[in-house]
Amino acid sequence: MMKYLFHSFWALLILLASFHAGVSAETPAENGPAVREAAAAVTLDEIIVTASMNESKVFNSSLPVNVITRKDIEHTVPADMGDLFKYQPGLNVSYTSMGSVRPMIRGLYDERVLLMVDGIRLSEQRGGGDHALSINPGQIERIEVVRGPGSVLYGSDAIGGVINIITRNSRRTSGEGARLHGQLGVRYDSAAESKEGDAYIEGGAGKINFFAGGIYQDTDNVETPEGELRHSFYDTRNYSGGMNYTGGNTFVSMWGYASSADIGNPLKNTFKESYFDNERHRFASAVLEQKNIAPFLTKIRIDGAFQRHNRHFHLLNPSDVTVDIYLDIDTWNIHPHFVMQIGDAQRITAGAQFFYEEVTSSREMSTGPLSGVIPDCTRLGMGYFLQDEVTFTKRISAVLGVRHDRIVSESEPGEDELLYGHPIGENRETDENTSGSIGLLFTVVKDRLNLTANAGRAFRAPTLLERYFYGTHTEGEDRGNPDLDPEVSLNLDAGFKLNLPGFWMTVSGFRNRIDNYIVKYNTGQTGSSGAIFQFRNVDSAVIYGAEAEAELALVWGFTVFGNITWLRGENSDTGEALPYMPPLSGTYGVRYSRNLHSLNFWGEFAAHSAARQDRVDETSETETLGYTVCDVRFGINYTELVSVTGFVKNITDKSYHDHLSRVSHINEQPERSIGGSVRVRF
């Protein structure tokens, strides 16, 4: 399977390149080039901000970047956030259920991938474990993913990369008179009888703009070709709103969202009940931005946010014993930074980031009282960074950065922990680190071919849960380790970006060495809830791999596309495989789009193939077989007012197991599903 995928992908690229040359020479100018230029512009000409905190084209960034636009989201008709990530090069998803996904970048996930909303890091554990991302795809305007370390700009947790979710918010606009726009939408997916409705309205007058929206999603247990996946339901409510003042060089914004969800947990499939009950997340943020303050000082910006995350995990075991675990996390963030433009060849960005996390926990059991799964604890993070973007010549530019972080973790057991004997007492740990990075861009042909190279040192402090957690978790019982050392990584990558009329292609290879790699290992002991796992450091881990992506616009509105991702992870102590490394995988297909008067017709056939994964950590995972699944999507758009989208996923009703899924007792992936969406704008 692996050899087949490699040969097929590279044969496709050769075919695309040769066909492109023929099309460029033969296609009449009035029909071909405009269509092909538009296709090339979709990805490499996208404007991003996450890679450097300043606007730049994907093509002109030395870093490997994925951009998922609002159009991509609407065409995908995602059942959950995982549908947006899993077919992207360099990205994967670890599933627990329909509503519980963990994005992965280059084999790393959870606290090694920094998740942000509008540039603010989400509170600890939002994307980890079995807890849903609090953002619904309907709230998202675009997603920017930086593959590779982002610690210089964003601090701890960005060892694997950065995912910045940019929300649909009030527009930055001003003008005479009043403005009012809105949308109503519905979505259906048959595999889990998933039903969703959303509505939003935005508008303004003069320099004032506002936005408000809401989404409701009701998802039953997932149906697989082997039967129902118990405890996999997902019901969520999301609300968002905000306003801004856009006046010349001044921008002021206030925005927030709230989500609540009931999330089934299928890992404990023998239990009568297993779910997160009314898991809630509240997020409020404010921005103050001033531009053109002085000839050299182009921008000062301050971002601030508060988050409150309430988790409640409910279990009813076969003996009718109930356990209810409560975990509450409050997080404050503040991020000031400024930008200086020195001539035409140099831009300096500098600033600081501060966050403060406060965690409390309690636990109730029908047979008697228990301590919380974590003592009262806090974490204070302080980081200071400096980045310099320099253009040396017309062909050579560089981005250099340095950052220093100090993170203090502290536990102070409360009365319940002291009364019921939580084993982790008072503790204080301080982690400090200086990170650095350099990115190089060499322009071979202006606007057509760039060579890239990057080197970065990144840092991750242990989380409060890794240090202090002690209690039931999904696979058994987890034990924290207060003596954990922080992870430090060195990442190297190189590649190229090709952007021709109607044809674009990116290739990158990387090697990431992580010292003091934190793993959760099976101690071989058994507790009241199953096997006992504990966090510990290993000497180092190495992950290396490559990614490639290409797209070619043909004639008559057809486009072919494909991507492939390969990586390998090893424990440097033993030479053994790291757990939960994704297999070789690729996505490929053909897309069609045609305009007829005020209508746009489009369709897409895509296949996703994953190879057999036989390099596994035998203590925590098993080998999985390879598979190929096919999807078809299609739609009609009437100007920008009405859009109708349909799909058939897993056309052949394939029964398969995703290697990264945490469910192992059944081939958990959904059966053939039929559905679609309708959106009306005004």
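All heavy atoms count here, side chains included; hydrogens, waters and symmetry mates do not. A quick note: this is a predicted structure, and the numbers were derived from the prediction, not measured.
Remark: side-chain polar atoms of Arg121 are paired, donor with acceptor, to backbone N or O of Ser156 under 3.5 angstrom. In this structure, Gln217 contributes its side chain and Ala79 its backbone to a donor-acceptor pair below 3.5 Å.
Judged by distance alone, the side chains of Glu196 and Tyr188 never bring a donor and an acceptor atom under 3.5 Å apart. Counted by atom type alone, Asn427 and Tyr468 present one or more donor-acceptor pairs between their side chains at under 3.5 Å. Under 3.5 Å, the side chains of Glu364 and Ser362 contain no donor-acceptor pair of N or O atoms. For the 3.5 Å distance criterion, the side chains of Arg403 and Gln353 qualify, holding a donor opposite an acceptor. For the residue pair Asn333 and Thr331, no side-chain donor N or O sits within less than 3.5 Å of a side-chain acceptor on the partner. Using a 3.5 Å distance cut-off with no hydrogens or angles, the side chains of Asn209 and Asn244 do pair a donor with an acceptor. With no hydrogens or angles considered, no side-chain donor-acceptor pair links His231 and Glu273 at under 3.5 Å. For the residue pair Gln183 / Arg681, a side-chain donor-acceptor distance below 3.5 Å is found, with atom types taken as modelled. Checking Thr76 against Arg633 by side-chain atom types alone, no donor-acceptor pair falls below 3.5 Å. There is no side-chain donor-acceptor pair under 3.5 Å between Gln669 and Asn650.
Residue pairs satisfying the ring-ring contact (aromatic ring centres under 6.0 Å, His included) criterion with at least one member in residues 355-374, sequence neighbours excluded, are listed as follows: Trp332-Tyr356. Among residues at least two apart or in separate chains, salt bridge (Lys or Arg N to Asp or Glu O under 4.0 Å) pairs with a member in residues 313-335 are Lys272-Asp320, Arg308-Asp330.
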Before you tell me yes or no, could you show the steps for Arg467 and Asp431 under salt bridge (charged side-chain N to carboxylate O under 4.0 Å, His left out), namely the whole-Å CA-CA distance, both residues' side-chain angles and the distance that decides it to 0.1 Å?
CA-CA 13 Å; Arg467 287 198 189 277; Asp431 301 307; 2.7 Å; yes
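Ring planes of Tyr257 and Trp255: tilted class, angle from 30 to 60°.
Other residues, nucleotides and ligands contribute over 12 non-hydrogen atoms within 6.0 Å of the CD atom of Glu228.
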